[in-house]
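Below is one structure, written out as structure tokens; comments come after it.
A note on names: the letters A, B, ... follow the listed sequences, proteins ahead of strands, and every chain is numbered from 1.
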Amino acid sequence: MLTERISEALREATVALGAGSARFRLDRPRDTSHGDLATNVAMALAGRLGRPPREIAGDLKARLTGIEGVERIEIAGPGFLNFFLEAGAVGGTVQAILGRGVRYGRNEDGGGQRVMVEFVSANPTGPLHLGHGRQAALGDAIASLLEWSGWTVHREFYFNDAGGQIRRLSVSVRARYLQLLGHDVAVPEDGYQGEYVSEIAAALIEKDGRRYEDDDGDIALEAMRRYAVALLRSEQERDLAAFNVRFDEYYPETRLYSEGLVSSTISKLRETGLTYREDGALWLRTSAFGDQKDRVMVKSDGSPTYFLPDVAYHMTKWERGFHDVINVQGSDHHSTVDRVRAGLQALDRPSGYPEYVLHQMVTVEHGGEEVRFSKRAGSYTTLADLVAEVGADVARYFFLMRRPEAHLTFDLDLALDQSDRNPVYKVQYAHARLCRLFKLADERGWVADHDTLMNADTSLLTDPSEREVVKQLAEFPALLRRAAAGRAPHLVCDYLEKTAGMVNSWYQTSHPTRNPELSTLVEDPGLRAARLGLAGAARIVLDNGLTVLGLAAPERMVRDD
RNA sequence: GUCCCCGUAGCUCAGAUGGAUAGAGCGACUGCCUCCUAAGCAGUAGGCCCCAGGUUCGAGUCCUGGCGGGGACGCCA
């Protein structure tokens with residue numbers, strides 16, 4: 001498109017000036033008097049060429065003649081080059097967007113390579129909470145952004161179905177089981193106290209009766225474990241489905257053991273000579289790879305720490321062909337990053353493997369007060385409760401609209417608000433409004449199909465309110481590219497809100513009440529087609545943006561009340 | 001004590017490899033529906049970008065040192 005043509009011309013011009021290739025920006029200035037596009041390239045080159053920026057800008061301008069679609073170039077401020085585009089050039093992007101349709105915004109940066117995104121990875125010890133929700137939304141959106149950037153994405157969910165936490169769960173279930181059968185037993189202090197544990201016990205009684213009443217041994221406990229894990233897994237599955245998140249693969253920790261990957265990892269680490277025995281435990285010299293201290297792999301009681309299966313697990317990712325792996329985790333797992341990477345480096349994997357996106361925690365506020373409204377989980381708010389309360393789209397969007405590394409305050413009042421104060425509805429409503437234009441055109445018997453729009457004379461889009469929208473739409477592909485590279489879905493939220501705002505503004509200024517001459521559904525077929533083309537292009541961008549984030553793009557909005 | 005993240009409008013937060021006059025939403029105030037959905041739009045008010053140095057043509061952005069908040073520092077996960 002036009003931006004690429006100007007970029008290319010700028011590169012050629014800098015080479016011609018003897019400056020070689022330079023890094024510079026070419027973007028849309030805030031102030032429209034600074035043109036449609038502006039570049040800082042002259043200032044960026046000033047140091048290297050040892051000449052004043054405005055002088056360099058003058059030389060560049062002299063070489064930048066005859067770029068198709070550029071009306072004129074001005075030198076401004078300390079040495080900016082401001083490009084003013086012809087009306088037809090701006091309109092041309094409308095056709096480009098309409099032509100690409102559902103593919104508008106996609107790029108091939110990934111070249112079809114495989115990448116794994118591991119996220120949620122909740123242990124089956126309870127219902128999913130809000131932290132998992134943020135992670136589900138984040139992981140899925142990052143995965144989606146990578147798909148839009150040409151990667152082949154694998155979504156994976158890892159879970160510990162063995163080990164200390166699961167044992168505590170099993171013991172807790174047994175305690176509730178016995179309580180329900182009339183025994184005076186307490187749930188251990190380090191056990192799971194939530195009501196859902198009693199629900200599991202009750203379900204188990206319904207299924208197997210009093211079978212485990214007199215068995216305080218491992219057989220009963222193993223039955224409890226299997227039953228509880230299966231039940232909680234399927235419950236998590238149901239909650240994720242309600243949240244519109246799906247995975248390609250679920251990887252249980254027990255598989256690492258049953259396939260011998262943990263023991264083979266121990267052998268391989270021993271072969272490196274980086275292990276040693278101390279205090280009866282087996283240690284790995286992770287400090288040799290930047291970890292703050294060495295770590296225990298096998299405890300003095302002979303059982304492995306979590307660290308070891310974690311290394312084994314990441315080796316399987318590599319061996320399954322995933323050399324690009326992104327782990328989305330809560331920042332409370334921060335301390336494991338260096339240690340796992342160190343373990344993998346000991347086995348000759350690259351130092352940055354895997355990549356981590358760590359996110360901060362979530363709190364919910366209602367009426368300015370922090371709330372916890374879980375009835376079942378006891379100590380935290382569940383994802384299922386939140387989704388039932390505000391809907392999947394709103395929940396997803398709110399989880400995504402802040403940078404991962406920033407703490408997230410979930411404003412329940414705003415989430416429940418169905419007006420445009422709620423950013424989700426603002427974006428969805430802007431989309432619905434554009435769809436409505438087409439429906440009305442249809443009702444009036446006006447043809448507004450793809451060919452009509454593609455053949456419209458978009459140079460008729462001369463009003464500033466129209467041109468501003470088009471320029472905003474033109475930035476969508478670069479925005480997606482930046483969001484994917486930065487693993488930053490919140491940039492898409494920002495962009496969509498801004499775009500929706502501009503669409504609404506355009507829609508209002510061109511409202512028949514206010515400016516009949518700017519109205520979209522005018523009698524003049526040429527003008528109408530051009531404006532519907534703009535509406536169609538904007539609709540595509542909002543639709544594609546919402547789709548990337550995993551949200552619906554409704555054609556109609558229906559209010560609850 | 002060490003490491004990581006955060007500090008921007010009254011509140012919640014954006015600010016791409018350093019660029020022109022620092023933005024949005026909420027809240028406050030003022031206007032705008034005979035007409036394509038007002039679930040909207042236009043406008044006003046609101047800022048020592050935590051502090052102090054440094055780097056340079058230029059710093060909210062980069063560096064150093066403080067201050068404040070959160071998290072992590074286990075033979076827990």
Euclidean distance for C1', B:G47 against B:G74 (whole angstrom) | 46 Å

Searching all strands shown, indicate the nucleotide that pairs with B:A28 (Watson-Crick or G-U wobble; both distances under 3.5 Å).
-> B:U44

A:Q360 side chain N/O closer than 4.0 Å to the phosphate oxygens (OP1, OP2) of B:C6?
-> no

Answer yes or no: does a side-chain N or O of A:S331 lie under 4.0 Å from OP1 or OP2 of B:G70?
-> no

Salt bridge check: are A:E466 and A:R531 linked by an N-O gap of less than 4.0 Å?
-> yes

Does the side chain of A:R481 get closer than 4.0 angstrom to OP1 or OP2 of B:A16 through an N or O atom?
-> no

Salt bridge (Lys or Arg N to Asp or Glu O under 4.0 Å) filter on A:K471, not counting sequence neighbours, yields A:D36, A:E468

Does the side chain of A:H511 get closer than 4.0 angstrom to OP1 or OP2 of B:C32 through an N or O atom?
-> no

Under a 90° cut-off about 0 for the syn range, is B:C41 syn or anti?
-> anti

With both distances under 3.5 angstrom, what nucleotide forms a Watson-Crick or G-U wobble pair with B:A52?
-> B:U64

Select from A:H34 and A:Y425 the residue whose nearest nucleotide in RNA chain B is closer to the 5' end of that strand.
-> A:H34

Tell me whether the OP1 or OP2 atom of B:G15 has a side-chain N or O from A:H490 closer than 4.0 Å.
-> yes

Considering Watson-Crick and G-U wobble pairs with both distances under 3.5 Å, what does B:C73 pair with?
-> B:G1

Whole angstrom value for the distance that separates P of B:U17 from CG of A:D27 = 11 Å

Separation between the C1' atoms of B:U37 and B:G43, rounded to whole Å | 23 Å

Give me the ring orientation class for A:Y353 and A:H314: parallel if the planes are under 30° apart, tilted from 30 to 60°, perpendicular past 60°.
-> perpendicular

Say you pick atom C1' in B:C49 and the same atom in B:A9; how far apart are they, in whole Å?
-> 10 Å

Specify whether A:W148 and A:F476 have parallel, tilted or perpendicular ring planes, treating 30° as the upper limit for parallel and 60° as the lower limit for perpendicular.
-> perpendicular

Aromatic ring of A:F80 stacked on base six-ring of B:A20, 5.5 Å, 30° = yes

Can you find a side chain N or O atom of A:R402 that sits less than 4.0 Å from OP1 or OP2 on B:C6?
-> no

Return the nucleotide paired to B:U21: Watson-Crick means purine N1 to pyrimidine N3 with N6-O4 or O6-N4, wobble means G-U with N1-O2 and O6-N3, both under 3.5 Å.
-> none

When you compare B:U2 with B:G65, how far apart are their P atoms, in angstrom units rounded to a whole number?
-> 11 Å

Taking only Lys NZ, Arg NE, NH1 and NH2, and the carboxylate oxygens of Asp or Glu, determine whether A:K439 and A:E555 approach each other closer than 4.0 Å.
-> no

Interatomic distance at C1', B:C51 relative to B:U8, whole Å = 15 Å

Between B:A20, B:C36, B:A72, which nucleotide gets closest to the side-chain atoms of A:S519?
-> B:C36

Counter-base of B:U34, judged by Watson-Crick or G-U geometry with both distances under 3.5 Å | none

Do A:S121 and A:F119 come within less than 4.5 Å of each other through their side chains, counting heavy atoms only?
-> no

Can you tell me how far C1' in B:A45 sits from the matching atom in B:G31, rounded to whole Å?
-> 15 Å

Under 3.5 Å donor-acceptor pair, A:N82 side-chain atoms to B:A20 base atoms = yes

If the P atom of B:U61 is compared with that of B:A16, how far apart are they to the nearest Å?
-> 11 Å

Between A:K426 and B:A24, does any side-chain N or O lie under 4.0 Å from OP1 or OP2?
-> no

Nearest-Å distance, NZ (A:K498) to C1' (B:A24)?
-> 9 Å

Any strand is fair game: report the nucleotide pairing with B:A9 by Watson-Crick or G-U wobble, both distances under 3.5 Å, or none.
-> none

Give a yes/no on whether any side-chain N or O of A:R436 is located under 4.0 angstrom from OP1 or OP2 of B:U37.
-> yes

Does A:R25 place a side-chain N or O at less than 4.0 Å from the phosphate oxygens OP1/OP2 of B:A16?
-> no

Euclidean distance, atom CD of residue A:Q292 to atom P of B:C73 [Å, nearest integer] | 11 Å

Are A:N82 and A:E74 linked by a side-chain donor-acceptor pair shorter than 3.5 Å?
-> no

Report yes if a side-chain nitrogen or oxygen of A:K293 is closer than 4.0 Å to either non-bridging phosphate oxygen (OP1 or OP2) of B:C75; otherwise report no.
-> yes

